[in-house]
Amino acid sequence: MKVVYADVLVIGGGLAGLRVAIGARRRGHDAIVLSLVPPKRSHSAAAQGGMQASLGNVTKGEGDNEDVHFEDTVKGSDWGADQQVVRMFVNTAPKAVRELAAWGVPWSRVRQGDRQVIINGEKVTITEREQAHGLVAQRDFGGTRKWRTCYVSDGTGHAMLFAVGDRAIAEGIPVHERTEALALIHDGKRCYGAIVRDLITGELTAYVAKATAIATGGAGRVYRVTTNAVICEGIGAALALETGIVPLGNMEAVQFHPTGIFPAGILVTEGCRGDGGLLRDASGHRFMPDYEPEKKELASRDVVSRRMEEHIRKGNAARSRFGQHLWLDITLLGRKHIEHNLREVKEICQYFLGVDPAEQWIPVRPAQHYTMGGVRTDHTGQTPTLRGLFAAGEAACWDMHGFNRLGGNSVAETVVAGMIVGEFIADFVASPEGELDIPTAVLRDALAAERGKLDVLLQGGGHEQADTLKAEMQQTMTDNVGIFRTGADLQRAVDKLQELLVRSRNIGLRSRRDGPNPELVTAYRVQKMIKVALCIAQGALTRTESRGAHFREDFPRRNDAEWLQRTLATWSDPLATLPTLNYEALDVRRMELPPGWRGYGNKDYVDHPDTAQRAAEVAKLREAASNGGRHAVQAALMPYDHLLPASLRGYNERIDEKIPK
């Protein structure tokens with residue numbers, strides 16, 4: 001029995017996982033990172049447009065601060081977010097940008113003087129302030145009132161990942177590449193690490209750690225058309241789910257990005273529309289102002305995606321041999337802007353479409369993009385039901401996104417959650433609670449269980465093919481659990497996925513090799529993926545309302561009276577074909593921003609019984625604390641500073657807002 005010991009085991013080598021490991025290592029704890037691929041090839045590199053942080057440097061960002069970012073994020077979540085976690089996030093994001101700058105991220109910078117930008121399809125001259133010259137620049141993004149998205153051309157994730165990866169190397173953090181966690185080691189109360197398979201040799205190893213963190217990204221590959229990398233299969237969420245006691249939160253909340261290139265589904269950044277790009281239909285008509293006259297192309301992502309599909313349904317789509325689509329027009333930005341600020345977009349269009357976006361429109365259609373749900377954690381990133389297990393980034397339901405996230409908030413969450421959760425993990429490991437006392441029998445049994453599962457696949461006589469099951473699952477999710485949902489479609493998906501889950505227990509392999517065997521890998525992953533897909537579909541079927549990215553055509557209203565609560569999915573019986581769903585109520589009486597109208601479409605929603613009372617309380621508290629400034633008002637409404645690690649507390653300074661003394 002091979003055993004590897006560490007203070008902290010991080011499963012996932014993207015931005016969130018690396019930043020968690022750095023946080024623990026800087027506090028003197030040994031950390032090991034497991035990664036399916038070399039870390040600099042993780043999906044974090046695909047983030048293009050930027051990360052949100054309320055720096056307020058550019059002219060169009062003047063007046064931005066944590067309060068504005070907070071309100072944008074909560075409204076974007078359709079009031080599904082944990083507002084204290086959102087506060088923790090918006091307070092730490094400016095600190096994260098400056099830390100990354102110190103680590104070598106070459107943020108695009110402000111140049112003083114006049115410059116031309118495209119706003120609402122027209123060229124506009126804006127003047128940048130002298131005192132902002134050389135500071136980190138921001139661009140416009142959907143669902144925000146200020147230009148807040150810090151960027152590195154359109155290669156933000158790439159630049160961030162390389163800088164954080166280099167920092168991890170400098171800290172001496174070992175990354176075990178080409179390794180995959182198969183199961184968590186636990187006794188029902190305490191997590192002790194994971195059973196890990198070497199993808200090259202097939203060897204199983206028990207990694208034992210005082211704290212284990214899941215940072216494996218999203219679950220986009222349960223869909224056929226997704227912007228996610230092939231490694232984003234929801235396995236981290238499945239690891240937690242298969243413990244039987246750790247819940248997944250809000251798995252039905254799945255975001256579809258408006259501009260995946262058609263038909264491949266590869267992402268074209270929101271920065272295209274933030275910089276002035278327009279959405280057009282088959283006739284060349286710019287249609288978004290018809291639906292959302294205020295925000296137009298820069299409405300929240302869930303809104304834009306729905307409007308696009310609605311426009312296609314009305315018969316306004318362009319047609320190709322691959323099907324129906326719409327157009328993204330960035331030609332008005334000019335070749336110089338595209339080749340300097342959107343160069344990845346230009347290369348993607350040329351390589352995958354044969355299109356020059358400086359001269360031709362880009363065929364686009366919404367594609368699955370982000371998983372708002374994930375491993376349910378508290379504000380520290382720890383799961384409430386299994387001590388010693390943490391999660392961060394897209395794999396977690398922390399829960400700062402609720403039922404829809406804003407563009408730029410996800411790549412920001414990776415480093416911000418990494419900073420915050422890394423500190424809490426270090427605290428846990430250093431505390432008496434973090435001490436390990438694990439019987440070797442627990443390790444031996446965990447190893448034997450995973451070895452037995454692999455042997456069943458390698459030596460069994462099943463007749464189902466793993467790749468066929470995977471393709472059927474992906475098609476089922478794409479057809480039935482998409483942007484527009486109905487009870488009939490969702491029931492069809494649940495029924496089919498249950499059938500696939502049963503069939504997945506009878507997989508046969510053509511190759512019985514235990515080492516580098518892609519067929520074996522697909523076989524054991526698809527069993528986990530189908531469970532994750534069932535959590536999404538069953539959660540969507542049960543939630544009889546529309547909220548954020550979850551839109552039920554048969555229940556089109558948001559219903560706070562019945563559904564202002566978080567879905568919790570667990571899988572206690574390994575032989576079950578459905579998850580068990582429970583619900584966690586959101587307490588309106590503690591909200592800084594009580595539920596209201598998001599600003600899109602009609603004001604058509606069912607109020608929570610406590611909303612009116614809390615709104616009146618908030619108004620009184622604002623008035624009573626108004627003489628103390630915005631920080632005093634915020635503290636009176638919903639204290640949160642005490643929840644942050646001590647090293648990350650404190651105000652953020654801006655050109656127009658000095659730190660109070």
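These numbers come from a predicted model, not from an experiment.
- Of the charged side-chain nitrogens involved, none lies within less than 4.0 Å of a carboxylate oxygen, so that Asp302 and Arg547 do not count as a salt-bridged pair.
- Judged by distance alone, with hydrogens and angles left aside, the side-chain atoms of Trp79 form a donor-acceptor pair with the main-chain N or O of Leu593 at under 3.5 Å.
- Remark: Glu339 does not engage Arg343 in a salt bridge, criterion side-chain N to carboxylate O under 4.0 Å.
- The residues Glu292 and Arg307 are annotated as salt-bridged, a charged nitrogen and a carboxylate oxygen being separated by less than 4.0 angstrom.
- With respect to Asp399 and Arg376, no salt bridge is recorded, no charged nitrogen being found less than 4.0 Å from a carboxylate O.
- In this structure, Tyr605 and Asp78 have side chains that are not in contact, with every pair of non-hydrogen atoms separated by 4.5 Å or more.
- For the 3.5 Å distance criterion, the side chains of His379 and Asp82 fail to qualify, holding no donor opposite an acceptor.
- Under the 6.0 Å distance and 45° angle rule, Arg139 counts as a cation-pi partner of Tyr151.
- Phe287 does not carry Arg280 over the face of its six-membered ring by the limits of under 6.0 Å from the centre and within 45° of the normal.
- The pair Lys314-Glu310 meets the salt-bridge criterion, since a charged nitrogen lies less than 4.0 angstrom from a carboxylate oxygen.
- The salt bridge (Lys or Arg N to Asp or Glu O under 4.0 Å) pairs that include a residue from residues 42-65 are Glu62-Arg129, Asp64-Arg148, where partners are two or more places apart or lie in different chains.
- With respect to Glu128 and Arg115, a salt bridge is recorded, a charged nitrogen being found less than 4.0 Å from a carboxylate O.
- Each of Thr92, Asn91, Asn652 was checked for a side-chain hydrogen bond (donor to acceptor under 3.5 Å, both in side chains) with Glu66, and the lone residue meeting it is Asn652.
- Asn404 and Ser300 are linked by a side-chain donor-acceptor pair at a separation below 3.5 angstrom, with hydrogens and angles left out of the test.
- A cation-pi contact links Arg405 to Tyr370, judged by a cut-off of 6.0 Å to the six-membered ring centre and 45° from its axis.
- Heavy atoms only, all atoms of each residue included: Arg335 and Lys346 are closest at NH1-CE, 4.0 Å.
- By the 4.0 Å N-to-carboxylate-O rule, Arg273 lies too far from Asp275 to be salt-bridged with it.
- With salt bridges taken as basic N to acidic carboxylate O contacts below 4.0 Å, one links Glu270 and Arg301.
- A parallel orientation is assigned to the rings of Phe162 and His158, their planes being inclined by less than 30° (bins at 30° and 60°).
- In this structure, a donor-acceptor pair under 3.5 Å is absent between the side chains of Glu657 and Asn65.
- With sequence neighbours left out, Tyr600 forms a ring-ring contact (aromatic ring centres under 6.0 Å, His included) with no residue at all.
- Distance check, rounded to the nearest 0.5 Å: NE2 of His369 to SG of Cys232 gives 10.5 Å.
- A salt bridge links Glu252 with Arg543; the closest basic N to acidic carboxylate O contact falls under 4.0 Å.
- For the pair Arg313 and Phe484, the cation-pi test (distance below 6.0 Å, angle within 45°) is passed.
- Using a cut-off of 4.0 Å between Lys/Arg side-chain N and Asp/Glu carboxylate O, Asp67 and Arg87 are scored as salt-bridged.
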